[in-house]
Participant: 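Sharing a structure here in structure tokens format.
Just so it is clear, the structure is predicted and the values come from calculations on it, not from any experiment. When a residue number appears, it is its place in the shown sequence, counting from 1.
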Amino acid sequence: MAELDDPARQDEHERPQAAAMAAPAPKALSPRKAAILDHANRFADERAGWRDKAAFFHGEDACYLRFLIPPGSRVLEIGCGLGDTLAALAPSYGVGIDFSDKQIAIARTRHPGLTFIAGDAEDPATLAAVTGPFDVILVLDTIGSLDDCQQFIEQLHPLCTRETRLVIGYFSHLWYPLLKAAEAMGLRMPQPEQNVLSPADLRNLAQLADFDPVKSEQRVLSPLRLYGLGRFANRFLSVLPGLRALSLRHYLVARSMRCVTDDVRSATVVVPARNERGNIEPAVQRIAAFCPDIELIFIEGHSRDGTYEEMERVRQAFPDHDIKLMRQPGKGKADAVFTAFDAARGDVLMILDADLTMPPEQLPKFFEALRSGKGEFINGSRLVYPMDEGAMRFLNLIANKTFSYLFSWLLNQRYTDTLCGTKVLRRSDYQRLKAGKAYFGDFDPFGDFDLIFGASKLNLKTIDLPIRYAARSYGETQISRFRHGWMLLKMVVFAFFKIKAI
């Protein structure tokens with residue numbers, strides 16, 4: 001199990017003090033599990049020493065886990081060993097479970113600010129002793145010691161909410177012979193026989209247990225420092241297509257489908273508009289009543305064609321609609337969208353570009369995809385269905401398709417179109433995304449990538465929703481092929497260093 005010997009940075013007033021919790025009465029262990037327990041107890045006192053010998057690998061492992069799991073989260077680690085990985089994640093509330101009494105005793109001494117429970121995680125009585133729910137449930141290598149992986153994962157649902165993410169980390173089955181050879185040469189702590197599971201096996205097990213895979217990643221080409229070459233290989237080479245399949249580590253992030261809720265009752269449709277006077281009234285006329293409570297926010301961006309005055313006229317012409325008007329304080333679509341989002345009251349936030357090239361009649365599909373739990377971040381895609389003649393210039397089409405492939409690789413989720421204006425998410429998720437925005441900074445004039453990258457960092461389930469892209473009926477496009485294309489290229493480089501090469 002991968003652990004890192006870093007101190008936990010926790011608020012003394014919020015975190016629970018370590019408690020010597022009595023282990024629940026265990027069910028009988030299988031002969032295989034009994035042998036694994038005996039092995040863990042025999043090596044408990046040596047474990048820290050072996051860990052020091054593999055400090056580089058554990059550091060690489062913890063580096064990616066800290067990217068997946070924000071500090072201050074409520075974290076449950078199952079198979080926590082000495083508790084070092086849990087401490088490295090700096091949880092606001094951290095609980096570790098391990099069935100080795102000796103390892104738990106050492107963990108309590110090493111990390112008195114965390115809570116540790118001794119017990120078999122496959123025994124329902126052990127999990128029943130845990131006070132949840134958690135933001136993250138971490139299962140690092142422990143999956144290899146379980147008798148029934150599917151049943152174990154199924155037992156985690158009561159500790160989850162809609163926002164909880166299950167993170168499973170394991171070694172690649174391709175490395176199994178090398179790892180056993182390293183044990184034989186004394187380079188790695190001896191391990192009992194483990195389940196040999198591929199990334200596809202883990203995804204399948206999660207789905208069988210009603211956990212929906214959100215994304216997966218493969219990392220770490222070198223478990224050795226190699227005078228700095230190991231870090232270079234792990235950061236820049238192990239994430240490349242082709243080479244990534246050879247990586248030692250693979251990670252799966254999943255969400256509980258049994259905790260999906262359809263509790264959204266209202267929506268805010270944000271329409272950023274600059275020089276779109278002729279599209280304001282059609283937008284109101286064409287938005288269907290797809291939920292009981294719809295707020296419509298028009299936010300105007302320094303127009304020269306009387307767009308704001310038209311918004312005022314339309315609001316008076318439709319008194320039965322909840323229409324609000326705003327003028328953006330700054331420049332750019334990102335400033336307009338986020339200013340309106342901050343003022344919105346709907347449970348669901350939706351963007352509708354004022355050019356109406358994304359037909360407003362499609363908005364009910366976006367709302368239903370989110371309400372039903374099929375996705376948590378719904379991204380419109382213009383590049384699946386044939387589009388109206390003249391709707392998108394040829395060079396723009398080629399660039400959009402190219403960038404969709406690049407961003408799918410960067411984000412480990414499928415994106416067929418990153419620049420479709422319509423994106424939909426819950427207001428509560430937007431607030432979490434906004435709280436973590438400092439990680440990326442103010443880099444995106446469009447706003448699309450603020451949302452896409454933020455959703456990826458939150459491990460939200462992304463769904464691409466194909467739409468029929470229409471030609472404009474009023475006004476001119478405000479996209480500059482070459483200037484904005486250069487911005488997109490810089491965005492790819494930015495994302496590589498902030499999301500991939502970490």
Side-chain angles (χ1 to χ4, degrees), residues 214-215 264 267-273 283 287 290-291 294-299 301 328 332-344 346-384 400 403-404 407-408 410-411 413-434 436-437 440 443-469 478-479 484 488 491 495 499:
V214 173
K215 62 184 178 184
V264 293
T268 296
V269 180
V270 170
V271 185
I287 294 175
F290 54 82
C291 79
I294 299 177
E295 175 187 46
L296 182 57
I297 297 180
F298 286 104
I299 181 159
Q328 71 175 100
K333 181 183 174 183
D335 174 75
V337 167
F338 297 136
T339 297
F341 273 9
D342 289 340
D347 297 330
V348 176
L349 303 180
M350 317 177 82
I351 306 170
L352 175 68
D353 282 350
D355 60 14
L356 305 187
T357 53
M358 200 302 290
E361 292 84 358
Q362 300 287 303
L363 288 177
K365 291 184 178 181
F366 286 83
F367 184 81
E368 181 58 24
L370 188 137
R371 186 206 62 78
S372 66
K374 292 182 175 69
E376 297 168 309
F377 180 70
I378 316 302
N379 178 65
S381 175
R382 304 162 295 174
L383 307 180
V384 175
N400 277 320
F403 285 116
S404 70
F407 282 107
S408 294
L410 286 168
L411 301 169
Q413 295 197 67
R414 185 171 183 263
Y415 279 89
T416 56
D417 185 6
T418 56
L419 285 178
C420 178
T422 302
K423 292 172 172 59
V424 175
L425 73 166
R426 288 175 181 249
R427 182 159 54 92
S428 59
D429 286 336
Y430 165 70
Q431 290 167 345
R432 292 197 295 141
L433 184 154
K434 182 182 176 183
K437 193 174 181 296
F440 295 107
F443 69 97
D444 176 20
F446 307 105
D448 297 273
F449 296 99
D450 267 318
L451 293 173
I452 289 171
F453 295 168
S456 177
K457 188 70 169 64
L458 286 178
N459 299 310
L460 299 183
K461 177 72 172 187
T462 295
I463 294 291
D464 256 11
L465 198 156
I467 57 103
R468 297 263 178 198
Y469 191 50
Q478 298 174 42
I479 296 296
H484 289 145
L488 281 174
M491 213 72 73
I499 296 175

Participant: Atom CD1 in I351, atom NZ in K333: separation rounded to 0.5 Å?
Facilitator: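 Interatomic distance, I351 CD1 to K333 NZ, rounded to 0.5 Å: 5.5 Å.
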Participant: In the structure I gave you, are the side-chain heavy atoms of I467 and R382 within less than 4.5 Å of one another anywhere?
Facilitator: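 I467 vs R382: side chains touch.
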Participant: So, using side chain to side chain donor-acceptor pair (under 3.5 Å) as the criterion, who are the partners of R427 when residues are at least two apart?
Facilitator: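 Listed in chain order: nothing, the list is empty.
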Participant: Is there a side-chain contact between I378 and F367 (heavy atoms, below 4.5 Å)?
Facilitator: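 Heavy-atom side-chain distance check fails, nothing below 4.5 Å.
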Participant: Do D464 and S381 have side-chain atoms, one donor and one acceptor, less than 3.5 Å apart?
Facilitator: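 No.
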Participant: More than 12 non-hydrogen atoms from neighbouring residues, nucleotides or ligands closer than 6.0 Å to NZ on K437, yes or no?
Facilitator: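 Counting other residues, nucleotides and ligands, NZ of K437 exceeds 12 neighbours.
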Participant: Is it true that a side-chain atom of Q413 and a backbone atom of K215 form a donor plus acceptor pair closer than 3.5 Å?
Facilitator: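 Not at all, since once roles are kept as given, no pair shorter than 3.5 Å links the two residues.
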Participant: Calculate, to the nearest 0.5 Å, the distance between atoms OG and OH belonging to S404 and Y415 respectively.
Facilitator: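 Spacing of OG (S404) from OH (Y415) equals 12.0 Å.
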Participant: Assess the residue pair V348 and F290 against the criterion (side-chain contact (heavy atoms from CB on, under 4.5 Å)); give the C-alpha distance rounded to whole Å, side-chain angles, the decisive distance to 0.1 Å, and a yes or no.
Facilitator: CA-CA 12 Å; V348 176; F290 54 82; over 6 Å; no
Participant: Ignoring hydrogens, what is the shortest heavy-atom contact between N379 and D417? Give both atom names and the distance.
Facilitator: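 Smallest interatomic distance, heavy atoms only, reads ND2-O, 2.7 Å.
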Participant: Considering only NZ, NE, NH1 and NH2 on the basic side and carboxylate oxygens on the acidic side, decide whether E368 and K365 come within less than 4.0 Å.
Facilitator: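 K365 and E368: not salt-bridged.
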Participant: Begin from the C-alpha positions of L460 and R432 and carry the test side-chain contact (heavy atoms from CB on, under 4.5 Å) through to its verdict.
Facilitator: CA-CA 11 Å; L460 299 183; R432 292 197 295 141; 3.6 Å; yes
Participant: Considering only heavy atoms from C-beta outward, does the side chain of P272 approach that of Q328 to under 4.5 Å?
Facilitator: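 P272 does not reach Q328 side chain to side chain.
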Participant: Can you name the ring pair (Phe, Tyr, Trp, His ring centres under 6.0 Å) partners of F449, sequence neighbours left out?
Facilitator: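 With sequence neighbours excluded, F449 shows a ring pair (Phe, Tyr, Trp, His ring centres under 6.0 Å) to F407, F453, given in chain and number order.
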Participant: Any side-chain to backbone donor/acceptor pair from D353 onto D355? Under 3.5 Å, distance only.
Facilitator: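 Side chain of D353 to backbone of D355: no pair is present.
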Participant: Without swapping roles, check the side chain of S456 against the backbone of I452 for a donor-acceptor pair under 3.5 Å.
Facilitator: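 Judged by distance alone, no pair lies under 3.5 Å.
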Participant: Among T268, L370, D429, which residue meets the side chain to side chain contact (heavy atoms under 4.5 Å, CB included) test with L349?
Facilitator: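 Testing each of T268, L370, D429 against L349, the sole residue satisfying side chain to side chain contact (heavy atoms under 4.5 Å, CB included) is T268.
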Participant: Please find the pair of heavy atoms, one from L433 and one from A455, that lie closest to each other, and give the distance.
Facilitator: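 Closest approach of L433 to A455, heavy atoms only: CD1-N, 3.6 Å.
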Participant: Which atoms form the tightest heavy-atom contact between I287 and A283, and what is the distance?
Facilitator: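 Closest approach of I287 to A283, heavy atoms only: CG1-O, 3.1 Å.
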Participant: Is there side-chain contact between F338 and Y430, with at least one heavy-atom pair below 4.5 Å?
Facilitator: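 F338 reaches Y430 side chain to side chain.
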Participant: Measure the CZ-CZ distance between R426 and R371 for me, rounded to the nearest 0.5 Å.
Facilitator: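 Answer rounded to 0.5 Å: 10.0 Å.
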Participant: Over all heavy atoms of both residues, which pair between A344 and I297 is shortest? Give the atoms and the distance, please.
Facilitator: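 Heavy-atom minimum between the residues: CA-CD1, 4.0 Å.
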Participant: Going through the checks in order, is the side-chain contact (heavy atoms from CB on, under 4.5 Å) test met by M358 and F366?
Facilitator: CA-CA 12 Å; M358 200 302 290; F366 286 83; 4.1 Å; yes
Participant: Do F341 and K434 make a side-chain contact, defined as non-hydrogen atoms from C-beta onward lying under 4.5 Å apart?
Facilitator: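 No. Closest side-chain heavy atoms not under 4.5 Å.
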Participant: For a quick test of reading the model, state the closest non-hydrogen atom pair linking C420 to D448 and the distance between them.
Facilitator: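 Closest heavy-atom pair between C420 and D448: O-OD1, 3.4 Å.
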Participant: What is the minimum heavy-atom distance between I463 and G375, and which atoms define it?
Facilitator: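 Scanning both residues completely, I find the closest heavy atoms to be CG1-CA, 3.5 Å.
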Participant: I need the single residue from L465, L451, T462 that forms a side chain to side chain contact (heavy atoms under 4.5 Å, CB included) with K423. Which is it?
Facilitator: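 So, applying the side chain to side chain contact (heavy atoms under 4.5 Å, CB included) to K423 and each of L465, L451, T462, only L451 qualifies.
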